[in-house]
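Positions are given from 1, in the same order as the sequence printed here. As the structure is a computational prediction, the values presented were derived from the model and not from experiment.
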Amino acid sequence: QVQLVESGGGLVQAGGSLRLSCAASGRTFSRYSMGWFRRAPGKEREFVAAITRNGDDSYYVDSVKGRFTISRDNAKNTVYLQMNSLKPEDTAVYYCAARGGSAWTMTEQSYTYWGQGTQVTVSS
């Protein structure tokens, strides 16, 4: 079992930055590849970014490439999402998720464990 707790969300003006954190319980964090997803108001949850279990590879949805960076610290059992140049369309609840295995994936159904989400609101 892995429990995930997100933090770092909040209200920010367009062009600003936030760093989301996702803390994982347990001693096996390094066995899981990690992903960030988001659900905007009235929309389906969508993939944002993912990282392999040792952090050597990552992938981003086109809309955040060059603005968001996913990283992890296995010693701290934490994955991060640095979000720069935020836009109003980035407003959403952001979720972290974990899946067993080394490779990243965009597929929501491949993730086994989910956090409760953290709200990010970007004002124009």
Side-chain angles (χ1 to χ4, degrees):
Q1 285 283 347
V2 176
Q3 292 185 325
L4 304 173
V5 179
E6 302 97 334
S7 62
L11 174 64
V12 63
Q13 288 188 332
S17 298
L18 284 173
R19 188 176 82 155
L20 305 183
S21 299
C22 173
S25 64
R27 296 175 291 179
T28 60
F29 178 69
S30 61
R31 297 181 183 178
Y32 295 90
S33 57
M34 301 296 295
W36 284 98
F37 292 77
R38 65 186 180 187
R39 177 181 282 134
K43 295 187 177 181
E44 297 291 320
R45 188 158 58 185
E46 67 169 352
F47 169 82
V48 176
I51 190 166
T52 52
R53 60 186 179 186
N54 63 4
D56 64 345
D57 195 18
S58 57
Y59 187 78
Y60 302 87
V61 68
D62 285 346
S63 59
V64 308
K65 283 181 181 177
R67 300 188 299 121
F68 290 13
T69 303
I70 187 171
S71 62
R72 65 189 297 161
D73 185 336
N74 286 347
K76 295 183 178 179
N77 283 10
T78 302
V79 63
Y80 305 97
L81 186 67
Q82 177 67 45
M83 305 186 295
N84 299 328
S85 302
L86 282 161
K87 304 175 181 180
E89 51 263 44
D90 294 318
T91 294
V93 177
Y94 283 72
Y95 301 87
C96 69
R99 64 180 295 271
S102 58
W104 58 261
T105 176
M106 298 171 56
T107 307
E108 184 174 335
Q109 292 79 4
S110 296
Y111 290 85
T112 306
Y113 303 104
W114 291 84
Q116 82 290 347
T118 186
Q119 176 71 47
V120 171
T121 303
V122 184
S123 63
S124 57

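Using a 4.5 Å heavy-atom threshold, the side chains of Tyr111 and Thr105 count as touching. In this structure the side chain of Asp90 reaches within 4.5 angstrom of the side chain of Arg38, judged on heavy atoms. Looking only at side-chain heavy atoms (C-beta outward), Arg67 and Met83 stay at 4.5 Å or farther from each other.
Sorted by first and then second residue, the salt bridge (Lys or Arg N to Asp or Glu O under 4.0 Å) pairs with a member in residues 113-124 form an empty list; sequence neighbours excluded. The disulfide (SG to SG under 2.5 Å) contacts involving residues 5-65 comprise Cys22-Cys96, where partners must be two or more places apart or lie in separate chains. Among residue pairs with one or both ends in residues 39-73, those qualifying as ring pair (Phe, Tyr, Trp, His ring centres under 6.0 Å) are Phe37-Phe47, Tyr59-Trp104; sequence neighbours excluded. Residue pairs meeting the salt bridge (Lys or Arg N to Asp or Glu O under 4.0 Å) criterion with at least one member in residues 95-104, sequence neighbours excluded, do not occur. Residue pairs meeting the salt bridge (Lys or Arg N to Asp or Glu O under 4.0 Å) criterion with at least one member in residues 14-25, sequence neighbours excluded, do not occur. Legend: salt bridge (Lys or Arg N to Asp or Glu O under 4.0 Å) pairs involving residues 48-57, not counting sequence neighbours: none detected.
Results of the side chain to side chain contact (heavy atoms under 4.5 Å, CB included) test with Val79 over Leu4, Ile51, Leu20 single out Ile51 as the only residue that passes.
Applying the salt bridge (Lys or Arg N to Asp or Glu O under 4.0 Å) rule to Glu108 yields the partners Arg45; only residues at least two apart in sequence or on another chain are considered. Listed by chain and number, the residues in a salt bridge (Lys or Arg N to Asp or Glu O under 4.0 Å) with Arg72 amount to none (sequence neighbours excluded). Residues meeting the side chain to side chain donor-acceptor pair (under 3.5 Å) test with Tyr95, sequence neighbours left out: none. Among residues two or more places apart in sequence or in another chain, the side chain to side chain donor-acceptor pair (under 3.5 Å) test is passed with Lys65 by Asp62. Not counting sequence neighbours, the partners of Thr28 by the side-chain contact (heavy atoms from CB on, under 4.5 Å) test are Arg31, Tyr32. Looking at residues two or more places apart in sequence or on another chain, you find a side chain to side chain donor-acceptor pair (under 3.5 Å) between Gln119 and Thr121.
Criterion: ILVMFWY side-chain heavy atoms under 4.5 Å apart, direct or through other members. Under it, Val93 and Met34 are part of a common hydrophobic cluster. No single ILVMFWY cluster, assembled from side-chain heavy atoms under 4.5 Å apart, contains both Tyr94 and Tyr80. Both Val48 and Tyr113 sit in one connected hydrophobic cluster of ILVMFWY residues. Membership requires side-chain heavy atoms under 4.5 Å apart, directly or through other members.
The neighbour count for Gln3 CD, taken as heavy atoms of other residues, nucleotides or ligands under 6.0 Å away, does not exceed 12.
Remark: Ser63 OG to Glu89 CD distance equals 8.5 Å, nearest 0.5 Å. To the nearest 0.5 Å, the span separating CG on Asp73 from OG on Ser30 amounts to 11.5 Å.
The two atoms that bring Val120 and Gly9 nearest to each other are CG2-CA, 4.1 Å, heavy atoms only. In terms of heavy atoms, Ser124 sits closest to Ala14 at CA-CB, 4.4 Å. The minimum heavy-atom distance linking Thr78 with Phe29 is given by the pair N-CE2, 3.6 Å. The two residues Pro41 and Thr91 come nearest to each other via the heavy atoms CD-O, 3.9 Å. Leu86 and Leu18 get closest at one heavy-atom pair: CD1-N, 3.8 Å. The shortest non-hydrogen separation linking Ser33 to Ser102 is CB-O, 4.2 Å.
Although no hydrogens or angles enter the test, the distance criterion places no donor-acceptor pair under 3.5 Å between the side chain of Thr118 and the main chain of Ser7.
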